[in-house]
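Below is one structure, written out as structure tokens; comments come after it.
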Amino acid sequence: MSLTLIKNAEVYAPEPLGRNDVLLAGGEIAAIAATLNLTGSGLPLDVIDAEGLLLVPGFVDPLVHISGGGGEGGFHTRTPGMRLQDASCAGVTTVISALGTDATTRTLTDMLAKAYALEHEGISTYCYTGSYELPARTITGSVRDDIILIEKFIGVGEVAIADHRSSQPTATELAKLAANARVGGMLSGKSGITFVHVGDGAERLDLIEQVVANHDVSFRQFYPTHVNRSRALLEHGIKLAQQGMTIDFTTSTNPQLLSLGEVSAAESLRDALAAGVPDTHLTFSSDGHASLPEFNTHGELIGLQVGRIASLHEAAKEALALGISLPSVIRAISTNAAQTLRLQNKGRIAVGADADLVLTGSDFSIRHVWARGRQLVQNGECIVTSHF
Ligand code: ZN
């Protein structure tokens, strides 16, 4: 077992811990102290001089389409799956994957195999069972059984609402799904969250409000994404976040989406905090490897780009430039998703937590990345890459 000792880093856990030495051993954080000295111990030791650098938890991205998502321009526009370095080089050490619009040519079993591959290559992976439509696609025939029996499945999603591509679910259908996912989570010690894709329909989050008003289901069972899609949706999301729901902002975007009214993730975070939402209930996801369609003024598809995981880190830098504090930004890109999804050893720097760490310059540029104690990025360069 090799040990890594990071010396003199400014540690944000996410709360500031001050200047510390941090020891990584056996894939975990073994010790944090003002001074740790192992020279002369005879142990195989890798020492990193982190003078003037910031040590933060590895980023947790709660929505990536690891095996590719979408392809709304026909088969030739099906987006490709991710490689290890797409995440690790951008500081992301944990991804949670969903299918997406296409649950016909893309399958949960294929996504699960990809999740095992990425885990083998170095990062941590989890998945949502289900898909855009209801009844949800599953492996075992039941959302509840998938969550209980398949280790990587921690909830259900992306279930689409307020979208012309959804299956137009009723409140009762959504309530039953959320209840099943919750019981599956309770019995297996997982979050059992219902992760919701919110489209650009005028009903926005109304369906979730109806479910909570008329069924024995709480806001905390839902985790909606793309809440920064428009100003009106953002304001609706802020209202529900004030009632205990965690809301997620998408960082992959393009100039056209922003010109059509999307609010950047960084500005959404700033505005939600200013409206009094606790900084524990706001997250960023990249929507990496989803399709980003571009339409002309006649509504015809003229281009299709792919969501990038690296946009998570870019949005974090934008948020810092807007004056949001580093602990609040770290919560948005790491800690809060881990807590909402009950990934207990992720999203924080503490003794016993997984040694998922990012060492950055004072400008938050990425220097070194470790995932479960193994270094994947060194001096800004990916030193471990996917097999293909
Ligand atoms: Zn989506």
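We count ligands from 1, going down the list as the structure has it; atoms in each ligand are counted the same way.
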Using the salt bridge (Lys or Arg N to Asp or Glu O under 4.0 Å) rule, take Lys7 and Asp21 through it: C-alpha gap first, then chi angles, then the decisive distance, then the call.
CA-CA 4 Å; Lys7 296 285 292 179; Asp21 294 353; 2.6 Å; yes

Under-2.8 Å protein N/O/S neighbours of the Zn ion (ligand 1), ordered by chain then residue number
Glu158 OE1, His197 ND1, His226 NE2

When you check the gap from the basic side-chain N to the acidic O, do Lys239 and Glu209 get nearer than 4.0 Å?
yes

Consider side chain to side chain contact (heavy atoms under 4.5 Å, CB included). Of Ile96, Ile333, Asp356, Thr335, which one does Val60 pass it with?
Ile96

Write down the atom of Val377, the atom of Ile383, and the distance for their closest heavy-atom approach.
N-CG1, 4.1 Å

For the residue pair Tyr132 and His197, categorise the inter-ring angle as parallel (less than 30°), tilted (30 to 60°) or perpendicular (more than 60°).
tilted

Identify whether the distance between the nearest side-chain nitrogen and carboxylate oxygen of Glu51 and Arg19 falls below 4.0 Å.
yes

